[in-house]
Amino acid sequence: GINAEYGCLGFYNVQTRDDWVVTYYGGLLNPDGTTNIDATNIVYLNGNLDPWSGGGVLKTLSSSVISIYMNGAAHHLDLRTPNLSDPADVVQARQTVMLYMDSWIAQFHEQQDNKNSKPQHQQGSINMN
């Protein structure tokens, strides 16, 4: 087959720059190695048959920014209706995503319950007699 470098240069006279996205938009990690993502509760799914996966988040960045790599999966296979021919990695990824989502929803409800159970400050005058 023709690789991307030859194809772009040979067909369009355009030199590819593999690091352009990171250079232009910034990378996933700060220079000190800490994550540059200011978000939580995200699962990134990529498959080895997906041509876009090379630009995806391919490693877990924190306990709530998760990456799952699926062998035998192409673009959006994990989002399609499950069927018997789905690769084992896709079946497992769907189950894993549901476990994370259930956990994050439970954490949210627990935080809400804790907020609602704290004594509320009541306004009014204080009787000092």
Side-chain angles (χ1 to χ4, degrees):
I2 298 174
N3 66 31
E5 182 73 24
Y6 174 79
C8 290
L9 190 59
F11 291 117
Y12 305 107
N13 198 30
V14 173
Q15 183 75 35
T16 59
R17 294 182 291 162
D18 295 338
D19 60 348
W20 178 83
V21 172
V22 173
T23 302
Y24 190 78
Y25 292 107
L28 298 174
L29 298 176
N30 294 316
D32 65 357
T34 58
T35 182
N36 192 22
I37 293 182
D38 213 12
T40 60
N41 302 353
I42 299 171
V43 179
Y44 293 101
L45 294 123
N46 288 283
N48 69 321
L49 302 179
D50 182 353
W52 296 104
S53 68
V57 177
L58 301 178
K59 70 177 190 173
T60 295
L61 301 175
S62 73
S63 63
S64 66
V65 180
I66 310 303
S67 177
I68 299 174
Y69 196 78
M70 302 169 291
N71 286 313
H75 196 65
H76 292 308
L77 180 59
D78 55 297
L79 298 176
R80 296 186 183 168
T81 304
N83 68 61
L84 296 176
S85 60
D86 285 336
D89 278 9
V90 173
V91 173
Q92 181 64 45
R94 287 184 185 125
Q95 294 169 351
T96 302
V97 168
M98 291 304 296
L99 290 173
Y100 276 109
M101 291 179 71
D102 287 345
S103 171
W104 293 332
I105 291 168
Q107 287 173 10
F108 170 79
H109 287 295
E110 184 178 320
Q111 290 169 353
Q112 294 303 306
D113 290 346
N114 288 340
K115 277 185 190 178
N116 294 333
S117 67
K118 289 182 182 176
Q120 300 294 319
H121 173 72
Q122 297 198 2
Q123 292 183 337
S125 60
I126 298 175
N127 187 351
M128 301 298 280
N129 295 340

Say whether, by atom type as modelled, one donor and one acceptor occur between the side chain of D50 and the main chain of A73 under 3.5 angstrom. no
Do you reckon I66 sits in the same ILVMFWY cluster as V97, going by side-chain contacts under 4.5 Å, direct or chained? yes
Once you round to the nearest 0.5 Å, how far does CD1 of I68 lie from OH of Y44? 13.0 Å
What one should report as the nearest heavy-atom pair of M70 and D78 is CE-OD1, 3.8 Å
I'd like to check Q95 versus M98 (side-chain heavy atoms, cut-off strictly below 4.5 Å). Are they in contact? no
With clusters built from Ile, Leu, Val, Met, Phe, Trp and Tyr whose side-chain heavy atoms come within less than 4.5 Å, directly or transitively, what are the remaining members of the cluster of Y69, listed by chain and number? L58
Residue pair H75 / R80: nearest heavy atoms and the distance that separates them: O-NH2, 3.8 Å
Drop me the distance from K115's NZ to D113's CG, to the nearest 0.5 angstrom. 11.0 Å
Between T40 and S64, is there a donor-acceptor pair closer than 3.5 Å when you use the side chain of the first and the backbone of the second? no
Linked, directly or transitively: L45 and V65 (ILVMFWY side chains, under 4.5 Å): no
When every non-hydrogen atom of L77 is compared with those of V90, the smallest separation belongs to CD2-CG2, 3.8 Å
Provide the closest heavy-atom pair for G72 versus P87 in the form atom of the first, atom of the second, distance. O-CG, 3.2 Å
Would a distance-only check, ignoring hydrogens and angles, find a side-chain to backbone donor-acceptor pair under 3.5 Å from N116 to Q112? yes
Any side chain to side chain donor-acceptor pair (under 3.5 Å) involving residues 51-61? Give me the pairs, sequence neighbours left out, ordered by first then second residue. none
Suppose the criterion is salt bridge (charged side-chain N to carboxylate O under 4.0 Å, His left out): which pairs have a residue in residues 88-110, not counting sequence neighbours? D86-R94
